[in-house]
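Single-structure report; data block below.
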Amino acid sequence: MAYYQQVGSVPPKRHTQHRRPDGGLYYEELMGEEGFSSDSSLLYHRHIPSAVVNATPWPLPDLTTRANHPLKPRHLKLHALFLEQRWQDHDVVMGRRLVLGNADVRLSYAVAGAPSPLYRNAIGDECLYIEAGEATVETVFGTLRARQGDYVILPRGTTHRWTPAGDQPLRVYCIEANSHITPARRYLSRFGQLLEHAPYCERDLHGPTEPLLAEARDVEVLVKHRAGNAIAGTRMIYADHPFDVVGWDGCLYPYTFSIHDFEPITGRIHQPPPAHQVFEGHNFVVCNFVPRKVDYHPLAVPVPYYHSNVDSDEIMFYCGGDYEARKGSGIGPGSVSVHPGGHAHGPQPGAYERSIGADFFDELAVMVDTFHPLDLGEAALACEDPGYAWTWADRGPRT
C-alpha cells in the first residue's frame, strides 16, 4: 500500500543511529516485499528482533481438500459449522475451519470469543472480513480496532494477536493469500495514489496511530510457513516480546477498511462484477456488493444476467440484507455460494422478472473470484446444502 505513514519515534535519517534515553541503540528492522523492490517499512525495536531461543512443530488445523467433482454449484451454510461448539473457547487463529482453497488462496471461517495466540503468516497477506462482533487486533505496528463490516488487511510476516470485544461472538471470514493483497491496480496512479474514479480513498484506510509496547521474556509466536511444497506450522519462542517497536515509518503496514465506506458504482444498465472490486491478489480478486441504487434504463433488468465463469470460480459470502438474485434458494446471512468455472449461473427462478422496476438493492456480500479452480475443505463438506444445485430446475437430480 503506497501510502506513507509515520508512527512513534524514528530518526531523521534512515539507517542511522537511533538511541534510547539511556544512550543504547534501538535495533532497526526493514520489513519489505519483493526483495527490496517494493513497499516496505522500517521498524525500531528495543530488542534484537531475530533473537529466537526455541522452535518446535505447530500442528495446523485440517487443511486437506478434495476436488469439486462431480462439477456442480454449491451452497454452504457457514453458521452451521459452530452450532454445537462453545464459541467462547475458540479464537480467530486456532479456530479457523477451511472452507475452500487452491494454490493461490484459502477461504476459512471462524467464530471466536477467546484471545488468539501471537501469530504470523509467512506465506501471504491476510484479508479478514468481520461479519459480526468487534475485536482489537494487536500488531507489531500498533493496535487496530475492528468492528462489523471491517476488512482487516495484515501484510505477510506481521506478528499479531486477536482479542474479541463484548459479549457477542466474533464472526470472521478469512481470506488467506499466497501473495500480497492490494487495492485494484486500475484504481491507482502510476505512483500508487488512489485515483478519483476509485470507490474509496486513503481517508477510508485506518492504520495504527501509536506504538504498542510490551515487555516479556520467552514469548511464543505461531508461524504458518512453507515447508517444501506443503504448508506447515512452527512454534517459535522469542527471547523478548515482539511488540517492542518504539516507532516505524513506510508504506507497508496493517490497516482496516469498512465495507460501509465503499461507494458503489452504478449505471443505466447492470454493472458487471469488476465495478464492485475492492482488492486483488495473485490469481484472485475481492469484490463488495453493498446497498445501492440500481439500473435506471427504462428497460433495465436489475439482477445479474446469466453468465458462464469461463476462467474463474465465483464465491459469494452473504453478510446481510436481502440478495435479490437468490430469493427462493435458501440463501441467507452466513451463506456461501460456489459457482464454479465451466457452469452457467445467474438469478434463481422468478428473480429475473421480479427485479424489473426495482430502484434499490439492500444487500451486503463479499465475493472472491479465483482464476484457478477451488477445492472443498473439511468445513465445506460439513455444512453443504445438498439440494442447491437443482434449485434452478426446481426438481432433484435425475438418472
Side-chain angles (χ1 to χ4, degrees), residues 1-11 14-15 18 20 26-34 36 38-51 92-93 115-130 134-147 150-165 172 174-177 180-183 192 202-216 219-224 236 238 240-258 279:
M1 183 62 212
Y3 173 36
Y4 177 81
Q5 293 283 282
Q6 178 179 319
V7 171
S9 174
V10 301
R14 62 181 178 173
H15 314 324
H18 187 26
R20 302 194 303 251
Y26 291 119
Y27 297 95
E28 183 183 51
E29 175 196 6
L30 174 73
M31 182 173 171
E33 300 173 344
E34 299 179 10
F36 299 91
S38 190
D39 295 347
S40 66
S41 287
L42 289 167
L43 299 89
Y44 295 88
H45 294 264
R46 288 174 171 172
H47 307 285
I48 296 175
S50 53
V92 173
V93 173
S116 77
L118 288 170
Y119 166 67
R120 179 166 68 247
N121 188 331
I123 297 174
D125 293 0
E126 294 193 356
C127 170
L128 300 103
Y129 177 78
I130 310 300
E134 299 182 4
T136 297
V137 187
E138 297 174 330
T139 83
V140 69
F141 292 88
T143 299
L144 301 172
R145 307 292 181 185
R147 58 187 178 182
D150 279 349
Y151 289 100
V152 180
I153 305 295
L154 294 160
R156 176 189 293 172
T158 300
T159 303
H160 65 279
R161 173 171 56 203
W162 288 80
T163 302
V172 183
C174 311
I175 304 168
E176 298 181 40
H180 300 301
I181 298 174
T182 67
E202 287 83 358
R203 297 183 190 180
D204 301 319
L205 311 179
H206 306 286
T209 58
E210 59 185 22
L212 172 62
L213 295 173
E215 288 286 350
V219 177
E220 180 182 274
V221 178
L222 303 181
V223 182
K224 184 183 291 182
M236 305 186 79
Y238 283 83
D240 297 283
H241 204 296
F243 295 166
D244 67 342
V245 173
V246 299
W248 61 269
D249 75 332
C251 297
L252 181 66
Y253 49 87
Y255 63 90
T256 63
F257 168 70
S258 174
F279 301 119

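Values in this document were obtained by computation on a predicted structure and should not be read as measured data.
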Parallel, tilted or perpendicular for Tyr119 and His160, by the 30°/60° rule? perpendicular
For the atom pair CD (Glu33) and OG (Ser41), what is the distance rounded to the nearest 0.5 Å? 9.0 Å
Is the shortest side-chain heavy-atom distance between Leu43 and Met31 below 4.5 Å? yes
Restricting to non-hydrogen atoms, name the atom on Val152 and the atom on Ala146 that form the minimum distance, rounded to 0.1 Å. CG2-CB, 3.7 Å
Indicate the ring-plane relationship of Phe243 and His241, choosing parallel, tilted or perpendicular according to the 30° and 60° boundaries. tilted
Test item: Tyr44 and Val10 side chains (from C-beta on) under 4.5 Å apart, heavy atoms: yes
Any non-hydrogen side-chain atom of Leu118 less than 4.5 Å from a side-chain atom of Val219? yes
Modelled atom types, side-chain donor and acceptor of Tyr4 and Gln6, under 3.5 Å: yes
Which atoms form the tightest heavy-atom contact between Ser40 and Gly32, and what is the distance? CB-CA, 3.6 Å
Minimum heavy-atom distance Arg203-His206, with the two atoms named: O-CE1, 3.4 Å
Can you name the residues that form a side-chain hydrogen bond (donor to acceptor under 3.5 Å, both in side chains) with Asp125, not counting sequence neighbours? His180
Using 30° and 60° as the class limits, which term best fits the ring planes of Tyr151 and Phe257: parallel, tilted or perpendicular? parallel
Take atom CZ of Arg20 as the centre, draw a 6.0 Å sphere, and report whether it contains more than 12 heavy atoms from other residues, nucleotides or ligands. yes
Run the numbers on Arg46 and Val246 for side chain to side chain contact (heavy atoms under 4.5 Å, CB included), then give the verdict. CA-CA 7 Å; Arg46 288 174 171 172; Val246 299; 3.9 Å; yes
Which heavy atom of Val137 sits nearest a heavy atom of Leu154, and at what distance? CG1-CD2, 4.4 Å
Smallest separation among heavy atoms of Phe279 and Tyr255, with atom names: CE2-OH, 3.7 Å
Exactly one of Pro254, Pro155, Pro242 should register a side-chain contact (heavy atoms from CB on, under 4.5 Å) with Thr139. Which one does? Pro254
Between Asp249 and Arg14, is the side chain to side chain contact (heavy atoms under 4.5 Å, CB included) condition met? List the steps. CA-CA 10 Å; Asp249 75 332; Arg14 62 181 178 173; over 6 Å; no
Here the gap from Arg156 atom CZ to Leu252 atom CG, rounded to the nearest 0.5 Å, amounts to 10.5 Å
Are the side chains of Pro11 and Tyr26 in touch, meaning some heavy atoms are under 4.5 Å apart? no
Distance only, no hydrogens: is a donor on one side chain within 3.5 Å (strictly under) of an acceptor on the other, for Arg120 and Thr158? no
Distance (rounded to the nearest 0.5 Å) between Glu126 CD and Ile181 CD1: 8.0 Å
Side-chain heavy-atom pair Trp162, Leu128 within 4.5 angstrom cut-off: yes
If you define the side chain from C-beta out and look only at heavy atoms, does anything of Thr209 sit under 4.5 Å from Val7? no
Could you give me the CA-CA distance, side-chain angles and deciding distance for Phe36 and Leu30, then say whether side chain to side chain contact (heavy atoms under 4.5 Å, CB included) is met? CA-CA 9 Å; Phe36 299 91; Leu30 174 73; 3.3 Å; yes
Answer with yes or no whether the side chains of His45 and Glu29 bring together a donor and an acceptor at under 3.5 Å. yes
Taking the six-membered ring for Trp and the full ring for Phe, Tyr or His, determine whether the centres of His47 and Tyr27 are under 6.0 Å apart. no
Side-chain heavy atoms of Thr256 within contact of Ile153, under 4.5 Å: no
Could you tell me if the side chain of Thr143 sits less than 4.5 Å from the side chain of Arg145, heavy atoms only? yes
